[in-house]
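Below is one structure, written out as structure tokens; the observations come after it.
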Amino acid sequence: RTGTTTIPVVVHVVYNSLVENISAEQVKSQIDVLNEDFAKRNPDLKSVPPVWSDSIGDARILFKLADRDPDGAITSGITRTSTSIVAFGDDDTVKLAVSGGTDAWPPDRYLNIWVCHLGDLLGYAQFPGGPVHTDGVVIDYRAFGTTGTAEAPFNLGRTATHEVGHWLNLFHIWGDDGMGCAGTDQVDDTPNQAGPNTGFPSFPHTTCNNGPEGDMFVNFMDYVDDRCMVMFTAGQVQRMHTALDVTRPSYLE
Ligand code: ARG
Ligand code: ZN
Ligand code: CA
């Protein structure tokens, strides 16, 4: 896949308390982060240990808040829905109006992002190939964007970057097959690592005999704090592009 892929985005704000009805400015701060992270132009890339400089991938994806709704009417790309649900889980209820959420817009034309109060989860995503009506990602309102209700250490918009990575078929960097050091994320240029890292490890952090470089804990698909995760690899980009080509071909160049 060459050139830039533009993905129209709709953000569904589903709120119970008024503080959860986040501002358009906060939504835009998240779109800005996605556009930096998926174009290799996030300023904090300079914190990547030099051993991985050559592995950094440019996904060349541009996220744009939708300016037309599914019926062709002008829209801000943000929907707002009041709900009686105090906290949602990862059971997709936020994705359906009948269960207190908002219905998805056609996922062949939009990336659906729901923002709501999630119990104790920062976010979750559906991988390519799942049911159409639940396609997209869900982010807690405290882990969305960089302003307003965003709370440290998850206030740099990286939860959405991570979840959109899943939505484009990326596994966690340690592999989600439960096989420890024998497992794989199906990407060649991410080192094998034993399991999730959290917080902000110091370099190098070795597991699975992956020295001297060790775990690539600066990767968006680890579990570290927002200020620690700063890169996708070229191999991850290739996997995301294949996902776009195969399962989301309607987003054209
Ligand atoms: N736990 C979530 C997941 O596995 C998101 C983790 C995001 N991490 C972050 N630093 N924002 O999808
Ligand atoms: Zn994840
Ligand atoms: Ca790997």
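As the structure is a computational prediction, the values presented were derived from the model and not from experiment. One-based numbering, in listed order, for ligands and for the atoms of each.
Of all atoms in ligand 1, listed by their number and element, those nearer than 4.0 Å to a heavy atom of His172 are 4 (O). Numbered from 1 in the order shown, with element, the atoms of ligand 1 that lie under 4.0 Å from a heavy atom of His166 read 12 (O). Short contacts between ligand 1 and Thr159, defined as distances under 4.0 Å to a heavy atom of the residue, involve ligand atoms 9 (C), 11 (N). Near Met229, the atoms of ligand 1 lying under 4.0 angstrom from a non-hydrogen atom of the residue are 8 (N), 9 (C), 10 (N). Residue Phe154 has at least one heavy-atom neighbour below 4.0 Å for each of these atoms of ligand 1: 9 (C), 10 (N), 11 (N). Atoms of ligand 1 lying under 4.0 Å from any heavy atom of Glu163, numbered from 1 in the order shown and given with element: 2 (C), 3 (C), 5 (C), 12 (O). Those atoms of ligand 1 with a heavy atom of Asp226 less than 4.0 angstrom away are 9 (C), 10 (N), 11 (N).
Shortest contact from atom 7 (C) of ligand 1 to any protein heavy atom: Leu122 CD1, 3.9 Å. The protein atom (non-hydrogen) at minimum distance from atom 4 (O) of ligand 1 is Tyr223 OH, 2.6 Å. Looking from atom 10 (N) of ligand 1 to the surrounding protein, the closest heavy atom is Val224 O, 2.6 Å.
Within the protein, the N, O or S atoms lying under 2.8 Å from the Zn ion (ligand 2) are His162 NE2, His166 NE2, His172 NE2.
Using a non-hydrogen distance threshold of 4.0 Å, Tyr124 does not register as a contact of ligand 1. Residue contacts with ligand 1 do not include Ala143, since none of its heavy atoms lies under 4.0 Å from the ligand.
In the model, Asp185 has a side-chain atom that pairs as donor or acceptor with a side-chain atom of Thr190 under 3.5 Å. There is no side-chain donor-acceptor pair under 3.5 Å between Asp189 and Gln236. Side chains of Thr147 and Gln26: no donor on one and acceptor on the other come within 3.5 Å. Looking only at atom types and distance, the side chain of Asp108 has no donor-acceptor partner in the side chain of Ser250 under 3.5 Å away. Using modelled atom types, one finds no donor on one side chain facing an acceptor on the other under 3.5 Å when comparing Asp135 with Asn112. A donor-acceptor contact under 3.5 angstrom links the side chains of Asn197 and Asp215, judged on distance only. Inspection of the Tyr124 and Asp140 side chains reveals no N or O donor paired with an N or O acceptor under 3.5 Å.
A pairwise comparison of heavy atoms in His133 and Ala104 identifies O-CB, 3.8 Å as the closest pair. Looking at every heavy atom in both residues, Leu118 comes nearest to Arg142 through O-NH2, 3.3 Å.
For the pair OG1 of Thr190 and O of Val187, the angle whose vertex sits at the Ca ion (ligand 3) is 80° to 10 degrees.
Note on Val218: it does not cluster hydrophobically with Phe171, by side-chain heavy-atom contacts below 4.5 Å among ILVMFWY residues. Both Val51 and Ile173 are assigned to one and the same hydrophobic cluster, defined by single-linkage of ILVMFWY side chains at heavy-atom distances under 4.5 Å.
Note: no N/O pair closer than 3.5 Å links Arg158 and ligand 1 by distance alone.
Here Trp114 and Tyr141 keep their ring centres 6.0 angstrom or further from each other. In this structure, Tyr223 has its ring center closer than 6.0 angstrom to the ring center of Trp174.
Counting just the N/O/S atoms of Asp185, the one with the shortest distance to the Ca ion (ligand 3) is named OD1.
When heavy-atom distances to ligand 1 are checked against a 4.0 Å cut-off, Leu121 has no atom that comes that close, whether in backbone or side chain.
Between the side chain of Lys40 and the backbone N or O of Asp37 there is no donor-acceptor pair closer than 3.5 Å.
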